[in-house]
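Letters go in sequence order (proteins before strands), and every chain restarts at 1. Keep in mind that the numbers below use all heavy atoms, side chains included, and drop hydrogens, waters and symmetry copies.
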Amino acid sequence: MINRVVKNAEEAIKDITDNMTLLVGGFGLCGIPENCIAALVKKNVKGLTCISNNAGVDDFGLGLLLQTKQIKKMISSYVGENAEFERQMLSGELEVELIPQGTLATRCLAAGYGMPVIYTPAGVGTEVAIGKEVRKFKFNGEEKDYLMEHAFEADFAIVKAWKGDTAGNLIFRSTARNFNPMMAMAGKITIAEVEELVEVGQLDPDQIHTPGIYVHRIFQGEKYEKRIEQVTVRKK
Amino acid sequence: MLDKNGIAKRIAREVKDGMYVNLGIGIPTLVANYIPEGVNVVLQSENGILGMGPFPYEGEEDADLINAGKQTVTLLPGSSIFDSAMSFGMIRGQKVNLTILGAMEVSENGDIANWKIPGKMVKGMGGAMDLVASAKNIIVAMQHVNKAGESKLLPKCDLPLTGVKCVKKIVTELAVLDIINEGGFRLLERAPGVSIEQIKNATAGKLIIEGEIPEMVI
């Protein structure tokens with residue numbers, strides 16, 4: 001087996017430099033690569049383009065990289081919960097491209113599957129379609145318009161998994177899976193941080209979500225905060 | 001006139017046994033509370049759940065288990081978890097039978113606007129554009145008029161669109177209406193105590209009234 005293990009987040013991100021494009025896994029604050037984000041803040045790389053479903057909150061997740069003004073452009077589907085984000089966006093410091101969530105997921109998938117474009121009905125007839133090729137296809141007994149969308153091309157993908165082995169095989173837990181598997185497939189170089197790193201042979205091959213071929217660097221993260229954005233409960 | 005829970009209750013009657021249902025944020029989320037006993041449905045959350053359950057008991061919340069609104073939830077027996085690409089795959093592939101979502105405006109040909117107000121902070125469309133572009137069966141839950149008292153049922157949407165010709169049915173505090181192929185809001189039911197006149201006054205788009213309009217049963 002090929003050993004994919006690196007020491008820690010600092011080593012994993014050592015060749016991420018200014019103006020690179022990063023795919024960052026997670027949905028809200030769920031399943032985000034906390035250790036790598038902290039290491040990027042410390043390294044202070046600038047001018048990053050981040051492709052991630054959301055942009056974190058003011059003091060957590062990608063919000064940490066916004067505070068330090070390291071992000072030049074965000075490509076996301078929903079950026080609600082972040083005041084600093086709003087300030088930078090309205091002042092023009094931060095470029096923002098909003099795209100439909102399914103389009104975001106599928107553009108990752110296309111990259112991972114080696115396909116340059118997809119056609120999706122999402123956004124047809126809206127401002128999302130401006131400047132894009134529209135084609136009519138007959139499919140499922142219905143003729144309708146589809147938008148051509150390109151596979152993402154990113155320098156690095158940074159994902160978070162529950163368990164991983166030294167060969168880079170990954171298992172995600174619950175809805176912390178979200179965008180992580182397809183982003184792992186889409187990076188030119190993919191970094192995975194995991195809560196528990198085990199030796200090869202300790203994960204059941206039938207349970208692997210992301211095969212190690214997609215993961216170039218893996219390490220066991222530390223001190224996961226796993227902050228919850230909205231705690232909603234009922235009484236017993 | 002209905003309150004938010006009344007709208008949710010009325011929509012719950014559209015939910016049939018055996019459906020896979022996606023509920024949007026706001027009034028649609030309340031629909032889950034009113035699904036009649038004996039009607040078995042599976043709730044889809046587009047971040048990757050089929051079989052979403054209620055909020056967890058205090059102290060049992062799990063940071064790894066949230067819904068599309070980023071709230072902590074639980075899983076019901078028989079539930080499954082999947083990635084975001086598969087989630088939108090089952091939406092695009094029309095496996096999800098019913099989509100219920102809110103709107104700022106709906107036009108008489110079924111266009112919907114619910115993601116952007118120019119000049120205000122734009123948060124994004126999330127999964128709404130994917131849902132409305134592919135779902136066969138879309139019910140909109142919303143107020144008939146906006147805060148300024150202006151109709152949200154229009155000849156043509158003023159706000160940036162989320163999707164075109166996709167809304168099939170609308171439930172408001174005043175009425176149940178469907179959108180007919182030739183264009184127009186066809187009045188199906190009145191909310192308790194609401195007159196046809198009130199509905200006419202609150203509807204800017206083409207309103208079609210055929211025969212006697214019954215009062216809603218909730």
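Counting heavy-atom pairs closer than 4.5 Å to chain A, the top-ranked of the candidates B/Ala68, B/Gly93, B/Ala128 is B/Ala68. Top candidate by heavy-atom pairs under 4.5 Å with chain B, chosen from A/Leu29, A/Asn53, A/Asn54, is A/Asn54. Considering only heavy-atom pairs separated by less than 4.5 Å from chain A, the leading option among B/Ala133, B/Gly124, B/Ser84, B/Ser134 is B/Ser84. With respect to chain B, the highest number of heavy-atom pairs below 4.5 Å among A/Thr106, A/Leu104, A/Leu90 belongs to A/Thr106. Annotation: maximal heavy-atom pairing with chain A below 4.5 Å, among B/Gly89, B/Pro54, B/Gly126, occurs at B/Gly126. The most heavy-atom pairs under 4.5 Å with chain A, out of B/Gly127, B/Ala63, B/Pro56, B/Ala85, come from B/Pro56.
Between the side chains of A/Thr21 and A/Glu153, no donor-acceptor pair of N or O atoms lies under 3.5 Å. For the residue pair B/Thr99/B/Asn22, the side-chain donor-acceptor check at 3.5 Å is not satisfied. Of the N and O atoms on the side chains of A/Thr232 and B/Thr72, at least one donor lies less than 3.5 Å from an acceptor on the other residue. In this model, a donor atom of one side chain and an acceptor atom of the other lie less than 3.5 Å apart for A/Ser91 and A/Glu93.
For chain A, no part of B/Asp111 is nearby; none of its heavy atoms comes within less than 4.5 Å. Contacts between B/Gln94 and chain A at a heavy-atom distance below 4.5 Å involve the side chain alone, from C-beta outward. Contact annotation for A/Asn82: neither backbone nor side-chain heavy atoms come within less than 4.5 Å of a heavy atom of chain B. Using a 4.5 Å cut-off between heavy atoms, A/Ile99 touches chain B through its backbone atoms (N, CA, C, O) alone. For a residue to count as touching a neighbouring chain, one of its non-hydrogen atoms must lie under 4.5 Å from one of that chain's; by this rule B/Val122 touches chain A with backbone and side chain alike. Interface residue A/Val128: only side-chain heavy atoms are found under 4.5 Å from chain B. If you measure heavy-atom distances from B/Phe88 to chain A, the contacts under 4.5 Å come from the side chain alone. Only the side chain of A/Phe85 comes within less than 4.5 Å of a heavy atom in chain B; its backbone stays farther off.
Within a 6.0 Å sphere centred on CE of B/Met86, heavy atoms belonging to other residues, nucleotides or ligands number 12 at most. Counting non-hydrogen atoms of neighbouring residues, nucleotides and ligands closer than 6.0 angstrom, the CE atom of B/Met1 reaches no more than 12 such neighbours. The 12-atom threshold is not exceeded at CZ of A/Phe139, counting heavy atoms of other residues, nucleotides or ligands nearer than 6.0 Å.
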Practice problem: Using the side chain to side chain contact (heavy atoms under 4.5 Å, CB included) rule, take B/His144 and B/Glu173 through it: C-alpha gap first, then chi angles, then the decisive distance, then the call. | Solution: CA-CA 7 Å; B/His144 217 102; B/Glu173 77 281 20; 3.6 Å; yes
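Side chains of B/Val145 and B/Lys152 form no contact here, defined as non-hydrogen atoms less than 4.5 Å apart. Inter-residue side-chain proximity for B/Met129 and A/Gln101 is flagged as unmet; no heavy-atom pair is nearer than 4.5 Å.
Listed by sequence position, B/Pro160, B/Leu161, B/Thr162, B/Gly163, B/Val164 are the residues of residues 153-165 of chain B in contact with chain A, using a 4.5 angstrom heavy-atom cutoff.
Side-chain atoms of B/Asn97 come within 3.5 Å of backbone N or O of B/Tyr20 as a donor-acceptor pair.
Cation-pi contact between A/Arg234 and B/Phe55: absent, since separation from the ring centre below 6.0 Å together with deviation from the ring axis within 45° is not met.
Counting only residues at least two apart or on different chains, the side chain to side chain donor-acceptor pair (under 3.5 Å) pairs with a member in residues 111-131 of chain A are A/Tyr119-A/Glu133, A/Glu127-B/Lys116.
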